[in-house]
Structures are given as C-alpha cells and as structure tokens.
Number of protein chains: 2
Amino acid sequence: MRARYLTIKDYILDQIEIGVWRASDKVSSENELAQKFSVSRMTARKAVDTLCSEGTLVRSQGLGTFVADRRPVSSLLEIHNIADEVVGRGHDYTCRVIKLEEILTDKSAANLLEMSEKQNVYHSILVHLEDNIPVQYEDRLVNPKHAPDYIHQDFLAQTPNAYLSIVAPLTEADHIVEALVPSKTILSELDSDQPCLKITRRTWSRRGIASIAYLYHPGDRYRLGGHLQF
Amino acid sequence: MRARYLTIKDYILDQIEIGVWRASDKVSSENELAQKFSVSRMTARKAVDTLCSEGTLVRSQGLGTFVADRRPVSSLLEIHNIADEVVGRGHDYTCRVIKLEEILTDKSAANLLEMSEKQNVYHSILVHLEDNIPVQYEDRLVNPKHAPDYIHQDFLAQTPNAYLSIVAPLTEADHIVEALVPSKTILSELDSDQPCLKITRRTWSRRGIASIAYLYHPGDRYRLGGHLQF
DNA sequence: TGTCTAGTCTTGTATATACAAGCAATATGA
DNA sequence: TCATATTGCTTGTATATACAAGACTAGACA
C-alpha cells in the first residue's frame with residue numbers, strides 16, 4: 001500500500017478513481033475493509049453505506065458490494081421559486097396580477113390537468129418583477145380540488161407557488177424548458193423583444209395534478225442556473 | 001396513539017404530514033423514539049439517519065433533531081448526455097467533428113478553467129445529430145491535466161462527455177441555461193434560424209474543473225425535460 | 001448581579017455480538 | 001450423472017454498551 005488513508009470512504013473512492021475497481025467490479029467485503037483498517041465491521045459498513053446512498057456503490061445481499069454503473073451522465077438543475085430567487089439575490093421583488101379568474105376547462109386544459117371537460121378551474125396570469133423589471137410571465141391553471149381558496153389569495157403578499165406548496169404539499173413535478181419567441185402580448189408584458197426561456201411545470205400533490213404553469217423569462221435578462229454535487 | 005406504525009420512518013413522516021411537527025420543530029429524541037417503539041437507540045437512530053440523508057430532517061449535536069425547512073420550493077431538472085438521450089428516444093445518433101485542437105488559454109478561458117494564462121488546453125467543436133438533423137452544437141474547453149488524451153479521442157465512437165466521465169469521474173457540475181439567438185456560424189451549423197437554448201456546463205472532477213462546455217440547442221427542435229419526485 | 005461550574009440531555013461515534021437471509025461452490029447420496 | 005444437502009461467504013438487521021462532544025440549565029460562589 002502506497003499511502004495510508006484517513007477514511008475508508010476516501011480509500012474506496014481513490015481505488016475507483018485510480019481504476020483498480022471499475023464499474024460493476026466487486027469491492028472489498030465489509031469484513032476485509034474492517035480488518036484492513038482495524039475497525040469493527042459496523043464501522044466499515046457505515047462508510048460503505050454512505051457511498052451506497054450517494055449512488056457510488058451498490059450492494060447485493062449474499063454477493064457483495066459493487067461499483068455502481070455510472071449512470072448515463074445526467075446531472076441536475078435546480079428550478080427555484082422566482083420570488084425566493086429574487087430575494088435571494090438581495091433584490092426587490094414585486095408582482096403584478098394581470099388576471100385571476102375561474103374558467104371552464106376546454107379540451108386541452110382538461111387533458112393537461114387530467115380532469116374532464118367543462119369543469120371549473122382557476123386561471124391566473126402574473127408578472128414577477130425584480131427591481132421593477134419584469135423577469136417572469138406566469139400563466140397558471142390550478143385544480144380547485146387541491147387549492148379551493150386559490151382565487152381569493154392575495155398574490156402580492158404570497159406567490160402562487162408558495163401558497164400551493166402550503167395547501168397541497170408537492171410530491172412531484174415535471175418540467176419542460178424551451179427557447180422561443182413568445183406572443184406579442186407576453187413580450188409586451190415582459191417589456192422585451194428577445195427570445196424567451198419557457199418553462200412548463202406540472203406539479204403533483206399526493207392526490208393528483210395540482211397545477212400547470214407556463215413560465216416565460218426574457219432571454220436577455222434571465223438565466224436558469226444551478227450547482228449540484230453528484 | 002391512534003394508529004400503530006409499521007416503521008419509525010413512516011411515523012415521523014406522518015407526524016410531519018399531519019402537521020404535528022412543522023418546519024424547524026424539534027422531533028422526538030432518539031431515546032424517546034427508541035422507547036416509544038421498543039427498539040434500541042441505534043435502530044431508532046438509523047431511521048432518523050435515513051430521513052436526514054433524504055433532507056427531511058436536520059440534526060444538531062447537543063440540540064436535537066429538527067424538521068428541515070422545506071427548501072424554497074425548488075425542484076430539479078435532469079440534464080442528460082445528448083447521445084444517451086437520442087439513443088434513448090430510439091433515434092439514430094451521429095456526430096460531426098468541426099474542430100479538435102490544442103490552444104493557449106486567453107484571459108477568459110484561464111478564468112473559467114481556473115488556470116493561468118497561456119497554458120495548453122484542448123478545444124473541440126462538435127455537432128450532434130439526431131436522425132441526421134442537428135440537435136446540439138457543442139463548444140468545449142478541456143483541462144489537459146484531467147484528460148491528457150482528450151485530443152486523440154475518436155468522438156465519432158464516444159462522446160466527449162462519455163470519455164471525460166471515464167478518465168475523470170465527475171463529482172460536481174454547474175449549469176446555466178439561457179435563451180438567445182446565437183451567432184450565424186452556430187446557426188448555420190445547426191441549420192436553424194430560431195432562438196436557441198444555450199447550456200453552459202462546468203464539470204468538476206475531484207482535482208478541479210475538468211471541462212467547460214457551451215451547448216446550443218435549436219429552440220424549435222429541442223426541449224429540456226425532466227420528471228422528478230421530491 | 002454576574003460568573004463560573006457541574007450536571008443533564010442531546011447527537012456523534014465506535015465496538016462486540018448475534019442471528020437472518022441470499023448466493024454460490026462443494027460435497028454427498030441415489 | 002444428476003439432484004440434493006452442506007458449508008462458507010456475503011450483506012442485512014438488531015441489540016447492548018461505552019464514551020466523546022455540543023448545548024443548555026441550575027446552582028454555587030464571589
């Protein structure tokens with residue numbers, strides 16, 4: 001052995017990095033690690049545990065522990081609530097309510113919300129501003145079953161997202177991000193003539209789809225960013 | 001107690017869901033849980049451990065365990081390797097190498113890669129095609145220290161991302177996503193005149209920044225999508 | 001009143017032990 | 001030869017124990 005390792009975790013990571021253990025290879029057993037580092041099996045196991053929950057290793061009862069197949073290099077991007085994001089930057093957040101109404105689902109809305117046609121849903125359009133400059137145009141449909149008081153909310157005080165996450169704790173979400181030039185109405189509300197980032201976000205609570213939001217960000221003024229560890 | 005819980009984990013999650021324990025509230029101590037469920041402290045601790053690593057609870061030595069502040073409603077978006085994505089859709093993936101060279105860092109490149117100026121770095125430009133239609137223009141800088149053979153790779157056989165993830169296992173990444181109209185050169189390579197999604201991706205290995213990539217996707221032909229549970 | 005100290009509760013860490021359960025190679029028996 | 005049982009290794013789970021270390025409280029003391 002060329003070096004003494006401070007932790008079992010580092011030792012395992014190094015072996016993988018150096019290439020001694022490659023994807024799908026078997027790693028030293030818990031007992032071997034315990035002996036090698038002169039610790040009890042439970043201690044060695046804990047190190048392996050951590051690496052498993054981080055996705056680096058995979059266990060198989062009776063067989064052993066293996067280096068995980070590095071998942072198809074995918075990484076993650078965080079999508080924040082716009083209000084939190086603006087405030088987080090230390091800027092001034094305000095919001096303009098363009099529309100707040102109760103409408104009947106047409107075919108497409110019914111499909112998207114997984115409801116039947118001609119049902120009541122809430123519809124809101126808001127513009128979010130950072131230091132009085134528009135940064136997001138939000139067009140949202142809400143299933144009243146999950147948020148019956150949605151229409152009576154004061155969105156100047158609390159964003160739809162914040163409200164929804166309280167009345168119907170979100171369990172899932174999916175997103176589609178695209179680049180496009182939106183309609184003139186939207187562009188004028190955003191006070192922009194640039195291509196926009198459009199984020200389509202569907203959120204689930206435990207009882208089904210809670211809401212669908214179309215979020216438009218002016219491309220010259222907004223970036224979606226995120227830093228994450230694997 | 002109204003119900004018997006199968007697991008300590010379920011019990012804690014239910015208490016949080018019901019609202020007995022709210023964000024920042026103190027949760028029963030490990031000893032209390034152990035007593036309540038007639039198990040040893042280590043067993044109770046393991047349940048709490050799991051919920052901690054999932055981000056539901058937060059521990060503080062000497063103080064106790066607390067319900068985590070549900071992070072400012074943020075959710076996650078997966079960013080895949082383009083080749084995997086195309087193949088995953090069952091389509092035909094090909095790749096065109098526009099440039100593959102060794103250059104000296106100028107000021108901005110040096111900054112981005114956290115190197116000094118006038119150092120050797122690798123530079124590659126590739127266009128990725130799905131069923132012979134361009135879907136990504138990739139402009140990449142690579143730190144030779146992390147991938148000395150980068151320049152000799154055959155990227156028709158293996159994408160840069162795939163290669164890099166083998167020679168320098170990635171530990172971190174950050175992304176910036178924006179919408180813009182790229183340069184004419186890029187547009188012509190992408191055979192498009194539409195606004196594009198531009199993804200700037202920096203990847204780290206354990207020894208530092210390994211690579212910076214600028215990925216351009218034609219907005220009318222590409223969406224970034226993801227579905228994730230919280 | 002203010003300060004230090006001791007005690008107690010919390011999480012953090014490590015150990016030794018025991019047995020269950022999954023898997024595979026080997027030995028056994030018909 | 002082939003099916004079955006045994007053995008040994010692996011991970012999975014649970015327990016009892018011990019002590020370290022952080023955070024707070026109450027009491028002693030000046």
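Residue numbering restarts at 1 for every chain, and letters A, B, ... go by the order of the sequence lines.
Residue B:R59 has a polar side-chain atom (N or O) positioned under 4.0 Å from OP1 or OP2 of C:dG12. For B:T43 and D:dT13, the shortest distance from a side-chain N or O to OP1 or OP2 is not below 4.0 Å. At least one side-chain nitrogen or oxygen of A:S29 sits closer than 4.0 Å to the OP1 or OP2 atom of D:dT10. Phosphate contact (OP1/OP2 of D:dT13, side-chain N/O of B:K46, threshold under 4.0 Å): present.
When rounded to the nearest whole Å, the span between CD of A:E30 and P of C:dA21 equals 18 Å. In this structure, the CG atom of B:N31 is 15 Å from the P atom of C:dT8, given to the nearest Å. Put simply, NZ on A:K26 is 10 Å from C1' on D:dT11, counting in whole angstrom units. Atom C1' of nucleotide C:dG12 and atom CE of A:M42 are separated by 15 Å, given to the nearest angstrom. Between the CD atom of A:Q35 and the C1' atom of C:dA16 there is a distance of 16 Å, rounded to whole Å. One interatomic measurement links the two molecules: CG of B:L33 to P of C:dT10, which rounds to 11 Å at whole-angstrom precision. Rounded to whole Å, atom P of D:dA14 lies 13 Å from atom CG of A:D49. Atom CZ in B:F66 sits about 10 Å away from atom C1' in D:dA23, given to the nearest Å.
Across D:dT15, D:dT13, C:dT11, the shortest atom-to-atom separation from the side chain of A:R41 is found for D:dT13. Minimum atom distance to the side chain of B:S40 is reached by D:dT15, of the listed D:dT15, D:dG12, C:dT11. Here C:dA24 is the nucleotide among D:dT15, D:dG12, C:dA24 with the atom lying nearest to any side-chain atom of A:L63. Looking at the side chain of A:Q61, the nearest of the listed nucleotides D:dT11, D:dT15, C:dG12 is D:dT11.
Residue contacts shown for B:V48 are absent, as no nucleic acid heavy atom lies under 4.0 Å away.
Around CD of A:Q35, the count of heavy atoms belonging to other residues, nucleotides or ligands within 6.0 Å does not exceed 12. Residue B:R89 places its CZ atom among more than 12 non-hydrogen atoms of other residues, nucleotides or ligands, all under 6.0 Å distant.
The side chain to side chain donor-acceptor pair (under 3.5 Å) test with A:Y93 singles out one residue from A:E130, A:E85, A:H128, and that residue is A:H128.
Nearer to the 5' terminus of DNA chain C, by closest-nucleotide assignment, is the contact made by B:S28 (compared with the other of B:S28 and A:S38).
Looking at heavy atoms from C-beta onward, A:Y214 lies out of side-chain contact with A:Y137 at the 4.5 angstrom threshold.
For B:E30 and B:R59, the salt-bridge test passes: some basic side-chain N is under 4.0 Å from an acidic carboxylate O.
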